[in-house]
Protein chains: 2
Amino acid sequence: MDTALKALAEPRRREILKLVWSEERAAAEIAASFSDVTRSAISQHLGVLREAELVLERRDGVRRIYKANHKQMERVRHFLEEYWTESLDRLRDLAETAEREKENTNG
Amino acid sequence: MDTALKALAEPRRREILKLVWSEERAAAEIAASFSDVTRSAISQHLGVLREAELVLERRDGVRRIYKANHKQMERVRHFLEEYWTESLDRLRDLAETAEREKENTNG
DNA sequence: TACTTACGTAAGTATACGCTAACGTAAGGA
DNA sequence: TCCTTACGTTAGCGTATACTTACGTAAGTA
């Protein structure tokens, strides 16, 4: 999961992920979308995304076709949701405890 | 925003953030929660979180008191929400376009 | 004033990261 | 078989990161 979060912390990788979110794309096609960087750099980014299981790879002859792994994205989303709410829950619990203690001292 | 995402990609910093989420804590108190790392390392993590505006600092005599900046956390949350839904919207749009095109070829 | 406490900061180190250039390789065509 | 295409991989480089140790410093205390 941490691998996925680190992968997402990179702006370029988020761009790549968007490209393959709703459409499969070959590595060359993805690389062509970035003019300021070599194909090799993109290939390495794809490797990171692959390792984080944020994209899935399929071979088509000489080409490698990528698409986003929505399941993994959902896992990340869920993890963060847990992270926020766990913290928010603690806040709420604290507020409730404070409320109860106030009542006790008042009573 | 990217600064904040990178800050959150670090597990240790997420732990620190949880510590100060619902309660203010002094730097020394935070550092004391981590036995496998020096106070200096924690101080530097706090610096990163401060720079990302994920925590707020207050002075109390010789102590520095930290607390989570919920507003910034909300901004990050919103940014990610946008990121997911923007991608999901594109998926939906694509599906609708495909549906319409199917109808056209059928008609 | 001298000492302690509670911090940040600077210097140094090992490792990771993002990148380029160069190389290796499987798939397909002439 | 030789060439091209479409890739991944490796080596090397500069910079960033996470850390430790050592130092600097403002705020209290004796």
Side-chain angles (χ1 to χ4, degrees), chain A residues 1-20 23-69 72 76 83, chain B residues 1-20 23-69 72 76 83:
Chain A
M1 174 53 63
D2 226 71
T3 317
L5 272 178
K6 285 228 165 120
L8 283 171
E10 241 290 321
R12 187 95 68 183
R13 282 196 288 266
R14 286 201 304 274
E15 276 308 304
I16 292 176
L17 200 52
K18 271 193 181 177
L19 279 177
V20 298
E23 277 179 284
E24 287 191 328
R25 283 184 207 274
E29 188 187 352
I30 296 166
S33 304
F34 300 93
S35 55
D36 59 334
V37 96
T38 60
R39 186 187 56 75
S40 176
I42 299 301
S43 178
Q44 287 171 64
H45 278 309
L46 284 170
V48 172
L49 289 169
R50 221 186 307 128
E51 189 134 354
E53 296 181 76
L54 286 165
V55 297
L56 300 171
E57 191 206 276
R58 172 173 75 81
R59 313 271 177 124
D60 174 24
V62 79
R63 298 184 309 154
R64 314 253 182 140
I65 316 290
Y66 287 93
K67 66 173 173 186
N69 182 358
Q72 179 72 346
V76 174
Y83 181 78
Chain B
M1 175 53 64
D2 225 70
T3 316
L5 272 178
K6 285 230 165 116
L8 282 172
E10 241 291 319
R12 187 94 69 184
R13 282 196 288 267
R14 285 201 303 275
E15 276 309 302
I16 292 176
L17 200 51
K18 270 193 182 177
L19 280 176
V20 298
E23 278 178 283
E24 287 190 330
R25 283 184 206 273
E29 189 188 351
I30 297 166
S33 305
F34 300 92
S35 55
D36 59 335
V37 97
T38 59
R39 185 186 56 74
S40 177
I42 299 301
S43 178
Q44 288 172 61
H45 278 309
L46 284 170
V48 173
L49 289 169
R50 221 186 306 128
E51 188 133 355
E53 297 181 74
L54 285 164
V55 297
L56 300 171
E57 191 206 278
R58 173 172 74 81
R59 314 269 178 126
D60 173 25
V62 78
R63 297 185 310 154
R64 315 254 182 138
I65 317 290
Y66 288 94
K67 66 174 173 186
N69 182 357
Q72 179 72 347
V76 173
Y83 181 77

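Every chain is numbered from 1, with letters handed out A, B, ... down the list of sequences.
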**Student:** When you measure from the side-chain N and O atoms of A:S43 to the phosphate of D:dG8, is any distance below 4.0 Å, counting only OP1 and OP2?
**Tutor:**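 Indeed, a polar side-chain atom of A:S43 lies that close.
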**Student:** Can you tell me the Watson-Crick or wobble partner of D:dA22, both distances under 3.5 angstrom?
**Tutor:**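 Check on D:dA22: paired to C:dT9, both distances under 3.5 Å.
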**Student:** So, does the side chain of B:S40 form a donor-acceptor pair with the base of C:dT9 at under 3.5 Å?
**Tutor:**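 A donor-acceptor contact between them is present.
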**Student:** Answer yes or no: side-chain N or O of A:Q44 and base N or O of C:dC19 forming a donor-acceptor pair under 3.5 Å.
**Tutor:**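 Counting by modelled atom types and ignoring angles, a donor-acceptor contact under 3.5 Å is found here.
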**Student:** Rounded off to whole Å, could you give me the CD-to-C1' distance for the A:E51 and C:dG18 pair?
**Tutor:**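 Roughly 16 Å, once rounded to whole Å.
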**Student:** Indicate whether OP1 or OP2 belonging to C:dC17 is found under 4.0 Å from a side-chain N or O atom of A:H45.
**Tutor:**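 Answer is no, no contact under 4.0 Å.
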**Student:** Which nucleotide in the list C:dA6, D:dT20, C:dG8 gets nearest to the side chain of B:A41?
**Tutor:**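 For B:A41, the side-chain atoms sit closest to D:dT20.
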**Student:** Ignoring hydrogens and angles, does a donor from either the side chain of A:T38 or the base of C:dA21 sit under 3.5 Å from an acceptor on the other?
**Tutor:**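 Check fails, no donor-acceptor contact within cut-off.
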**Student:** If you measure from the Lys or Arg side-chain nitrogens to the Asp or Glu carboxylate oxygens, is any gap between A:E10 and A:R12 under 4.0 Å?
**Tutor:**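 Here A:E10 does not pair with A:R12 in a salt bridge, since their nearest N and O are not under 4.0 Å apart.
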**Student:** By nearest heavy atom, map A:G61 and B:E57 onto DNA chain C; which one lands nearer the 5' end?
**Tutor:**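 So the residue in question is B:E57.
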**Student:** How is A:Y66 classified with respect to the nucleic acid when contacts are heavy atoms under 4.0 Å: base, sugar-phosphate, or nothing?
**Tutor:**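 The residue A:Y66 makes sugar-phosphate contact but no base contact.
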**Student:** How would you label the contact of A:V37 with the nucleic acid (heavy atoms, under 4.0 Å): base, sugar-phosphate, or nothing?
**Tutor:**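 Contact class for A:V37: sugar-phosphate only.
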**Student:** Taking OP1 and OP2 of C:dA21, is either one under 4.0 Å from a side-chain nitrogen or oxygen of A:R39?
**Tutor:**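 It does not, given that no N or O in the side chain of A:R39 lies less than 4.0 Å from OP1 or OP2 of C:dA21.
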